[in-house]
Every structure is written in C-alpha cells, then in structure tokens.
Visitor: 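Mind having a look at this structure? Questions to follow.
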Amino acid sequence: MTEKKRYLVTSALPYANGPLHIGHLGGAYLSADIFVRFLRLTGKEVVYICGSDEHGAAITIRAKKEGTTPQAIVDKYHASIKSTFEKIGMSFDIYHRTSAPIHHETSQDFFRTLYKNGEFLEKTSEQYYDTKAEQFLADRYITGTCPKCGHTDAYGDQCEKCGSTLSPTELINPRSTLSGETPELRETTHWYLQLDKYEEWLREWIENGKLNGQQLHDPNDWKNHVLGQCKSWLDGGLQPRSMTRDLDWGIDVPSDIPNSEGKKLYVWLDAPIGYISATKEWAANNGKDWKQYWQDEESALVHFIGKDNIVFHCLIFPAILKSHGDYVLPINVPANQFLNLEGKKLSTSKNWAVWVHEYVEEFEGRIDELRYNLIKNMPEQRDSEFTWKGFQDSTNNELVNNFANFVNRVVVLTNKYYDGKVPDFNPDQIIIDSNSQTDTSFHDSELLALHDQLQDLGEQIRSYEFRAALTTLLGISARGNQLLQFNEPWKAIKTQPETVKVVLNISLQIVAALSVASRPFLPFTSDKLRGLLNLPPIEDKGELTDLLSNLSEGNPILAAGHTIGDPIHLFTKIEDSVIDAQVEKLNATAAAVGAANGTPYEPIKETITFDDFSKMDIRTGVVLEAEKVKKTKKLLKLKIDIGAEQRTVVSGIAEYYDPEKIIGQEVLLLANLAPRKLRGIESQGMILMAENEKGELAFVQPKEAFGGGFTVK
RNA sequence: GGCGAGGUAGCUCAGCUGGUUAGAGCGCAGGAUUCAUAAUCCUGAGGUCGGGAGUUCAAGUCUCCCUCUCGCUACCA
C-alpha cells in the first residue's frame, strides 16, 4: 500500500433512527478502529471521523409515530449511539452530527459551488403533492396498495411485505401519510448531478487508479467485491442523479439559488459531506488545519463502510468531490460484506439482532471479548456469521486459554521466582527455541522472532486483513506458551536456574509487546496489561514503531529489575448457561415481535357494498396449457378454459408451480379484469391465488372435476 | 433473466500475477506435562479445492458450460 504522511479515516455515519447492533460494528466500525489505532501506534498523523446521520424522511416518520419532533428523535439516538460507541472502545477523534450548524453551512457551500460550476442539470418531473399539507411528498410519505403483492400499506419506495422496490406512481390508491388525502401529481424541479458525464474518468480511476494520468492508488489493493460492484455500475451506464428532494427535515438548498424554496439536499450531498464538516469541527477544536486532510496530496482518505454503501462511496461521492474540485479522492474503500446472526440476516424490524447497548450492560467489563469475536468473524471478503456458541468458544479457547493464560503463567512465575522483578540474565545462555523442541536459541534471536511477528501483524493491518492480523496476534502468545512448555522453567528452576532467567525475561518481553500490539484489537486489555506490568499508559505516539526498533536491536522493552504487579485474570470463561440465556432471549424477542407485529394474517380491508362485489365476474376455469415466460423468474403463460372461451393469462406463480404439473388444474379466474400486457403478452384476467404469510402461493379451486366457465358468487 | 460476489478439511476461513507432497484457527483422536483460569505442548486423522469440458510441460489459480448461496436489478392484474 502507498505510504502517506497523513491519514483521514472515516466510518459510515450511522442513521440516528435506532440503536446499534453487532452488524454495524463488524461492518464499518471495528475495522476502521483497528486501522486508526494501529496508525497511531506507528506515529502517523491520523484523524478518525464519524458522526450521526440525522436527516431524511424516516426520522420524521418515526417522530410522528412516537408523537414527538424529529429533533427529539435524533437527539435521543445520537446520544445513545455516541455513548454506545464510547463504551465499546471506538476511538473516534470526533463523533459529530449532521444537524450541527457547521455541517449545514459546509453542505450548502458544496451545493453552491457545484451549482456555480455548472455541474447540475435542472429537470422538472411529476411528483405527488399533498394539497392539504401543501407540500410535495417524499416516497416514504406515500402509502398505498402494493402493485406486486397487494399489501395495503406499502411505502412509495418499497413494500416491506414482499420487499419489492417501488416508485410512488406505481402504488394503487396512493394516500398521503400526512393528511390521509389522495395526493395529486404536480411538477417539481430538481438539480441532477450528471454522473454520465463523469463515467470516463471514474472508470479510469476505479480500474487503473489513475486520474488525469496521475497514479493515485493501486487497484490491486482494493477488494474484489468493491471493484466488481463499481464496474457493474459503470458497465450499466451511469444516469443523472437528483441531488435534491422535496422534504421538510434536512438541509435547505441555499436560498440564493433560484427556485430553492422547500427543497432539501439529498442525503448524498448531506451525509458524506458530514465527514468534511466533522473534520472542520475537530480541526477548529484542536488547532489543526482541516484542509491538510482533505486537500493535500500527502493525505490518504480511507472510507470504511458496509457493502450497501459501495456505489455511493466509490462513485457518487468521488464524483461530487471532483466536481467541486480541490479535494482528494479516497485511496481505498475497504468495504465489508454483511454479518449474519445464528444463520439468519440481522433485522431491526424482526428484532433479530444482538444490540450493542444491551451487550454492554449484560457483559459488563467484557467488551474485548465481543470485539475479538467480531474481528475474528469479520465479513472481509464474504458474508459471515456470529453465533453465541462461537462467541463462547473464541473467548474460552483463545482469549482465556491461550492469551490470558500465557500472561498469567508468566506473571505468576515471575512473582514466585523473582519476587515480581524482571530477571537479569546471561546473554550467552542457550535455551530451547520456541519454534522447535530440539534447536537451540538465544535471548536475542527470540526477540527477533517476536519482531518479525509484530512486523507481519502490521503488514496485515496495512492491507486491511484484520482477521489475519488477529490470528498473528494470538500467534504471539501461542509462541510464548511454546517457549514455556519446551523450557519447563518449573522444572529447570531446580537444576538450571540461569536458563529460567533467560526464558522468563523473554516471556516478559513478549507480554510487554502484547500490551502494545493488542491495542488496536483489544484496547481495554491493552490498558490492563500496561497496568499489570507497571508500564506507563499508551499515548498513541508511535509506541509500536519504537518497540520494533528496540527489538530489532535486541534491546529489552522491560529492563532487568523492573517490578511488575500481581497476577490478574484478563479474561474469564463464559459458562454454557450464559450462552443458553442469550440464545433464548434472541428467540424470545424475535417471537414476541412476530406476535406483536401481528399475526401472520392481514387486516380485513375496507367494507364494500354488494354492488362492488357483484361487479367482479369470477369464473371457474381449467388450465389447458402452461409454459414459462422466457427471461423471467416468476411468470407463467397459461391458457385457461372458461367454458365459452379460452383465455391467455400471465401469472406470477412460476416459483411455486412447474408448468407441466398444472395442466388440468382447476382454478378461479377474475374474468372481467381489464387486460394488461406483461412481457409483451396480453394477460386476459387474473388467477385467484391464496397467499400465506411467507408469500407462498396456492391455487383456489372448486371441487374436483367441477368444470370451467361457471360463475362464483 | 441480466450483473456482481462467493461455493477450498466436521466448523470458520487463507491461498497474490498458474509451478515442489493444498494451508491456518477451532473441533476430533492419541501421547507428554503440571508454572497456569482442568489451562499448555507434541503427534495424527480428515479435502477427487461445487460438477463437467478445454488451454498448458504444469490449474484451486486461466477459458467455456452447468449447478447452488448471497447482493443489486427486471417481470408477479
């Protein structure tokens, strides 16, 4: 990786609309925290930026639901998220928020500059307008019947029942959530960023790391799935993207721009710019120059995100930065994939999650255990999984048995044999090598081996291989265990006391090295180790670099005669009962949500008159022919016999029925529905299907061999 | 259907531009050991690298076809 003088590291801004779960930590936060803590240990200038994303329609809607104001919602969650991050040991230099005035100014300046540079395309389109509330409606403010599954409370952008992505104009019977009225379509003007114009340089930058012929980074350092997704978008052709919205909670389009009234900045001219405004705030508070981080070639910008944010951080935000001019582009965007929980996707709405604030309470003082397991299972290259059993195993087998036990052995032996003082030794004394049971070794060569392990660990972190780095860290204490095991100081103390001095001296140096090297991963343990060894607290001023240079010269980290403290248990085992309780809790809360969210049954629809019903002509029918519609996953083309005539019907049932197996199937057909073309085939009616809560479909049929064409009343 | 990412030991995953008997951690089996939170250490078993074909002196690694998983996207009157 290209070495830079200065690092600007960001983690995706969490949305201030709910608490944090372990998926967040494993995605965009722990990785970044390891990276910056490591950089600090190497003495780099680094600033780590994050904050709450506090705008957008979802927050207004939540406020309405809870009968409060959007400000109250974001205040509540901002405070909660911020405090959770602190407890879990996230080492942000600043945790900012997008409701801060400096952020509004920064975002508006950005908009103004892009506007003046002529980067925008003004476009007018039709959108729903609520005449009673006198405003345009964001997608989320519109509900209606989902055209795909018939769910009556689908949102304008998405149906939460069937997961389809929608646009507001597709909804049947659209209603405004503000007034309950039926909205009308009105013209509105927005500013579009012409991403299509940037396609060429974005491609060159993504694929070759070059901009204007200058090599900015090596694409080989980027993750496969990140490059893949970017290329997929580039190959599909970029479209102009609206940078404004008709919203009431967000950052105003600057009032000096014509037609700006009622317009707010779109989240992508808001949230990522939060990285910049947070840097400004931090710089102002710490006597620094924010421009050195954002506008200097010697500064490396690294965005840590989840895979859902790849396109925005790799294409759209860079496009915004370059359109503005003066800004550096990210040197890497090491996006993680998703973390699953006990075999299923994490889901806030289904309450299938491990909430970090709850963990912090229930596992007080055991933060590093969670950090360890999440890093160990970090979804670096593919989706991965957290299980409570795995959490127990990694804690008990690796942290307790390997890491903490090694430290404990060393401290106990030192206290027992040398009254807690680091023993002096004869450098020519031969001991058994930690790598083999037969070879011989010296004090210095063991320190060099330690040096190499730390060097490896650093290289792994630099190349964003945090899981591997964690394995290397545990390899250090594993090697310490071998050293003790091969040399058996508990026996040798009687026969070869000089050997024991060398072995324990080395072991103590290893523990001292661990107090530094563990810091990026296990910050609380690092602090405990420093205390245990009576070493000064780490100040993040290049301690690891100093350590490495000392080791390479064979200098000890702990001088002979230095007194250490009494043994402590860094980690304790997690009992089965604790794990069982957590699994039970997870299942119970998820089940409770299922029950509260109701029932698998849909609410009964509005009452209709008999006349309404009698308008429908439902007939019995028999399937004569069935074939899959080409290039579709769900559609079958059916020929239905309804007695007097035959109808061609296209139906979305291919996932549940094989075409050959439904020939002769008796069905009910809504025969007087207006015909509609699907995939070029005219569908003359609709087959009635029953659908359960899982979305599974079943035919509704009259009794066997009833025959086609008869009416249903 | 299109695109992207994956499918490597029981489990979780490494394997860069193709090159000696395919690796790690956990789990498992056997042995050694007791300083330590019944912890540690050694040894071992276990993989036709999703399936098939091809390129090559040589393929987990390149090409093509098929298949499964995840994500984005289109179709569900």
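Throughout, protein chains are lettered first and strands after them, A, B, ... in sequence-line order, and every chain is numbered starting at 1.
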Visitor: Does the distance from a Lys or Arg side-chain N to an Asp or Glu carboxylate O, for A:Arg647 and A:Asp641, drop under 4.0 Å?
Guide: no

Visitor: How long is the line joining CD of A:Glu398 and P of B:rG25, in whole Å?
Guide: 10 Å

Visitor: In whole Å, what separates the P atom of B:rU12 from that of B:rU21?
Guide: 29 Å

Visitor: A:Asn672: which residues meet the side chain to side chain contact (heavy atoms under 4.5 Å, CB included) condition with it, sequence neighbours left out?
Guide: A:Asp617, A:Leu670

Visitor: For nucleotides 8-10 of chain B, tabulate all protein N/O to nucleotide N/O atom pairs closer than 3.5 Å, reporting atom names and distance.
Guide:
none

Visitor: Sorted by first residue and then second, give each side chain to side chain donor-acceptor pair (under 3.5 Å) pair with at least one member in residues 403-417 of chain A; sequence neighbours left out.
Guide: A:Arg409-A:Asn481, A:Arg409-A:Gln485

Visitor: Between B:rC57 and B:rC68, how far is it from one C1' atom to the other, in whole Å?
Guide: 35 Å

Visitor: Could you check A:Phe35 against A:Phe304 for ring pair (Phe, Tyr, Trp, His ring centres under 6.0 Å), going step by step and ending with a plain yes or no?
Guide: CA-CA 10 Å; A:Phe35 192 67; A:Phe304 285 87; 5.5 Å; yes

Visitor: Which part of the nucleic acid, if any, lies within reach of A:Gln381 when heavy atoms closer than 4.0 Å are counted: base, sugar-phosphate only, or nothing?
Guide: sugar-phosphate

Visitor: Got a sec, which residues hit side chain to side chain donor-acceptor pair (under 3.5 Å) with A:Ser651, two or more places apart in sequence or on another chain?
Guide: none

Visitor: Mind calculating the distance between CD1 (A:Ile476) and C1' (B:rG25) to the nearest angstrom?
Guide: 16 Å

Visitor: Taking side chain to side chain contact (heavy atoms under 4.5 Å, CB included) as the definition, give me every residue that meets it alongside A:Asp196, ordered by chain and number, with sequence neighbours left out.
Guide: A:Gln194, A:Pro240

Visitor: Between A:Asn373 (CG) and B:rC13 (P), how many Å, whole number?
Guide: 12 Å

Visitor: Specify the separation, in whole Å, of atom CD1 of A:Ile564 and atom C1' of B:rC35.
Guide: 13 Å

Visitor: Mind checking what makes side chain to side chain donor-acceptor pair (under 3.5 Å) contact with A:Ser526, not counting sequence neighbours?
Guide: A:Arg519

Visitor: Report each atom pair, protein N/O against N/O of nucleotides 36-38 of chain B, whose distance is under 3.5 angstrom.
Guide:
residue : atom : partner  : partner atom : Å
B:rA36  : O3'  : A:Asn408 : ND2          : 3.1
B:rA36  : O2'  : A:Asn405 : OD1          : 2.7
B:rA36  : O2'  : A:Asn408 : ND2          : 2.9
B:rA36  : N3   : A:Asn405 : ND2          : 3.2
B:rA36  : N3   : A:Arg409 : NE           : 3.0
B:rU37  : N3   : A:Phe571 : O            : 2.6
B:rU37  : O4   : A:Leu570 : N            : 3.2
B:rU37  : O4   : A:Phe571 : N            : 3.4
B:rU37  : O4   : A:Phe571 : O            : 2.9

Visitor: Check the distance between B:rU40's C1' and A:Ile432's CD1 and give it to me in whole angstrom.
Guide: 15 Å

Visitor: So which protein N/O to nucleotides 63-70 of chain B N/O distances come out below 3.5 Å?
Guide:
residue : atom : partner  : partner atom : Å
B:rC70  : O2'  : A:Asp383 : OD2          : 2.9

Visitor: Excluding sequence neighbours, so at least two apart, what forms salt bridge (Lys or Arg N to Asp or Glu O under 4.0 Å) with A:Asp393?
Guide: A:Lys389

Visitor: Taking side chain to side chain contact (heavy atoms under 4.5 Å, CB included) as the definition, give me every residue that meets it alongside A:Glu465, ordered by chain and number, with sequence neighbours left out.
Guide: A:Gln460, A:Ser463, A:Ala468

Visitor: Paired stems touching RNA chain B, three or more consecutive Watson-Crick or G-U pairs with both distances under 3.5 Å?
Guide: B:1-7 with B:67-73, B:10-13 with B:23-26, B:28-32 with B:40-44, B:50-54 with B:62-66

Visitor: Can you sort out the partners of A:Ala449 under side chain to side chain contact (heavy atoms under 4.5 Å, CB included), two or more places apart, ordered by chain and number?
Guide: A:Arg479

Visitor: Categorize A:Lys491 for me: base, sugar-phosphate, or nothing, with a 4.0 angstrom heavy-atom threshold over every strand shown.
Guide: sugar-phosphate

